[in-house]
Amino acid sequence: MFFSFDLLFEAVLFGVLLGCFYAAVSMGLAVAFGLLDVPHVAHPAVMVFGAYCTYLLGLYGWDPILAGIVLMPFFFVFGIALYRFYFETFEKRGTEAGVRGLAFFFGVAFIIEVCLILGFGVDQRTVHATYIGTSVSIGDYRIPQRMIVAFGLALILTVALTLYLSRTFTGRAIKAVAQDEAALRLMGVNPVRIKQWAFGIATAVAAIAGAMLIIVGPVEPTMDRLYIGRTFCIVVLAGLGSMTGTLAAGLILGISESIVLMMLGASWAPAVAFGLLLVVLAVRPQGLFGR
Amino acid sequence: MAQPLLQVKNVFKHFGGFTALADVSVDIAPGERFGLIGPNGSGKTTLINCVSGALRNESGSIVFDGEEISRLPAYRRTRLGIARSFQIPRPFASMSVLENLMVPLEYVARERRGEEEHAMALLRQIGLADKAHTPSNQLSQVELRKLELARALAAQPRLLISDEAMAGLSGSEVDEVLKILFELNATGITVIMIEHIMQAVMRFSQRVVCLDAGKIICEGAPADIVKNPDVQRAYLGA
Amino acid sequence: MRKGDLVYWVSAAIVLAVLVAFAMSDANEYFFFAGYTVLTVVTLATAWNILGGYAGYVNFGTAAFFGVGAYTAVLLFRALEAPLVIQIVAAAVVCGLMGFATGLLTLRLRGIFFAIATVALIFIMETVVINWRYLGGATGLQLLRPDLVGPFESYTRMLFAVMALMAVIGVSIARYIEVSWIGRGLRAIRDSEEAAEASGVPTLKLKLFACTVSGALMGAAGAPMPMYLSFIEPFSTFNLLWSVNALASAMIGGTAHWLGPVLGGLVLSSLQQIVTVTISSEINVLVVGVLLVFFVVAAPDGIFGLLKKLFLWRSRSSR
């Protein structure tokens, strides 16, 4: 293994782009789990489903970014329906719901995986666009253009979501419902409607995240398992409920993975997310910016 | 006082940036009937949680019967003799009333035979004997409160902390619970009562402490506490 | 000994005797081949339920424990030509330790973090095995079965009998935990962990105990698998389907009683064998997922709960 500062810098640069992508992909979970406390282990599976929808639209010549944006309202509605179902079935009933809620989402994730295998097979699928497959030179380094596109999308998404949560009434109500539901009720706001709206947003974000996923690389149906590790790692490292923390945590994971990729190769890189998650849980479970 | 049963010394507790308890110190004498009052959010339950072990205080010490307990997990403190009831009752919902009592009997008293008879005796003492085999998630409010106390009692405590056991109960139900607490105290159990129902606190306590915003603002006999202007201000606002 | 205990032990002995006698009969080999898998799932589901059903901590990583059990057996077989019994015991010890370590790291936190940590286990263990040449790496290993078959006609029949014994032992352990003060403590933890601590229950210790026993039993169930297949490779051994089957069997059968995972495992496994043979293996996997979600949503007490209600309704209406 040949070590050089050049290689390291390139790994870090790639890691920053990757990390921003991971952060964007985790935003939906940061809302669904970090703020709403829903044990949504099926979120990565929904995102992979979004990636496959993008692929389908791609077969008809749709640009993946456009496809992702167009999918968002459909996923939004799906998210509201899913939350409504979850709430009526589980959250209302209390303590027993913990195990059942987890088992439910696990089952949903598994069903999505199997349906994707049935529909598309286990082979990898990719999508085509002008910015996929080409590289751009920045100084001495060659960066794949698709990474820059994903990075740009991710930044826009992060900024938009952070602004939404802090500047709009609904957005602030979402953050409030995470902290004090009773107070919100006293203000005349229905917490269930807020939560369902938030969950809808989180699911819509999963749609565009899915588009980014297939832009960045090929997708296959069982990818969601790896992303459970990555997204939960980021959300926990960030601290539940912190959006800016999600960006920071994403960068930490992205850079770590990129360096491990450079030093140990591709077979060890997936273990980074899970390993980092276990370390965070053992050492500082409230994360970097936890409430 | 002679060797206090419980000594809380300079206890601090923070939640992120919020200070729930600031330099709280109080001594409880053995066999005492002690009242803890204060407006919502003043830190009463937080203090109780730190004493019972549900939370850890960041600094300061908590000494029970001469032994420093701040670093002990909650179940060890229960085994040492500190029992508490919960503000919002937490029955073991999948179990009957009788089974609920068998848990502390098996884990504190370490009884492995004859717990059922012992549990029935406790239920008779509390007045829940006829509900012994009812699933605990089917009890009324006052029955749930009594179950909380019965469960705490089954742990054979020397110190019993009753956290708002009478909230939301009718006048006669308040009397029922109060009578139980008096009886328990008569057998030598030290009782700390957290309550908002002033007439209950006045009737029960020998000494009262008032918390506000994490600090003790007043300590003394019940009659004096009620007249104290700081206490009135804490409850009614300036 | 309580009256119920006697009834149980006699029934268990009868069941075991019937299964072993069946293994010595000349029934079609296919039954033992399929039956071995059914018994494995019953054991895994029973093990899962000790932590998932009794204590309320969901384990997604059954496949990790199963896989590590299988590979521990392979390691001992290759290195020391260890007999099956030693393989099983070693697998149980290694996986018990793995359960203990995972629990120590995450059982102080909320249930969902323990669940995610168990997913991490699958990934990490699979990665370790893939990079371990001695154990076959990604391509796998062929294994030569020893000649010992005892009183049975074939090695598969012997393994079937071994698995039958393991299932009975596993269920007996689960039952003992359930009816004892340990089970009551676990249920207290599941109902309200805070109240359990306040009632003197050493919650962390009990959770670690359940996690260790559960893991050990899962590892033991995995140990004979390499011999059953004469082959081992990481992707099918660490397949998430083992996790889904264990969890689904317990939740479909009913998590409150030791009979639940047994019923669920029997029903689900048999259904899977039928569907795989008559329709396809992909549809089979879909059926498992759908059934899981259906039962979790519509029949949370599982088959056992439904039977109980039916029995109560019958006895009430007959008055």
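Numbered from 1 within each chain, the chains take letters A, B, ... in sequence-line order. Quick note: numbers below take in every heavy atom, side chains included, and nothing from hydrogens, waters or symmetry partners.
- Checked against a 6.0 Å centroid threshold, the rings of B/Y75 and B/Y107 do not count as neighbours.
- Using a 4.5 Å cut-off between heavy atoms, B/S94 contacts chain C through both its backbone and its side chain.
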Indicate every side-chain donor-acceptor pair of residues 244-254 of chain C with a distance under 3.5 Å to a residue at least two apart or in another chain.
| unit_1 | atom_1 | unit_2 | atom_2 | d |
| --- | --- | --- | --- | --- |
| C/N245 | OD1 | C/Q272 | NE2 | 2.4 |
| C/N245 | ND2 | C/L241 | O | 3.4 |
| C/S249 | OG | C/N245 | O | 2.7 |

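- Proximity to chain B is absent for every atom of C/I189, based on heavy atoms less than 4.5 angstrom apart.
- Using a 4.5 Å cut-off between heavy atoms, B/E148 makes no contact with chain C at all.
- Between C/Y176 and C/W258, the distance from one ring center to the other does not fall under 6.0 angstrom.
- In the model, B/N10 has no side-chain atom that pairs as donor or acceptor with a side-chain atom of B/S61 under 3.5 Å.
- Between the side chains of B/T45 and B/Q87, at least one donor-acceptor pair of N or O atoms lies under 3.5 Å.
- Using a 4.5 Å heavy-atom cutoff, the side chains of B/K131 and B/E143 are in contact.
- Contact annotation for C/A256: neither backbone nor side-chain heavy atoms come within less than 4.5 Å of a heavy atom of chain B.
- In this structure, chain C has heavy atoms under 4.5 Å from both the backbone and the side chain of B/R90.
- Between the side chains of C/T255 and C/Y54, not a single donor N or O lies within less than 3.5 Å of an accepting N or O.
- Residues forming a salt bridge (Lys or Arg N to Asp or Glu O under 4.0 Å) with B/K9 (at least two apart in sequence, or on another chain): none.
- By the side-chain hydrogen bond (donor to acceptor under 3.5 Å, both in side chains) test, B/Q141 pairs with B/R145, sequence neighbours left out.
- Below 4.5 Å, heavy atoms of chain B meet no heavy atom from residues 107-122 of chain C.
- When B/R84, B/E99, B/R77, B/R151 are compared by the number of non-hydrogen pairs under 4.5 Å with chain C, B/E99 comes out ahead.
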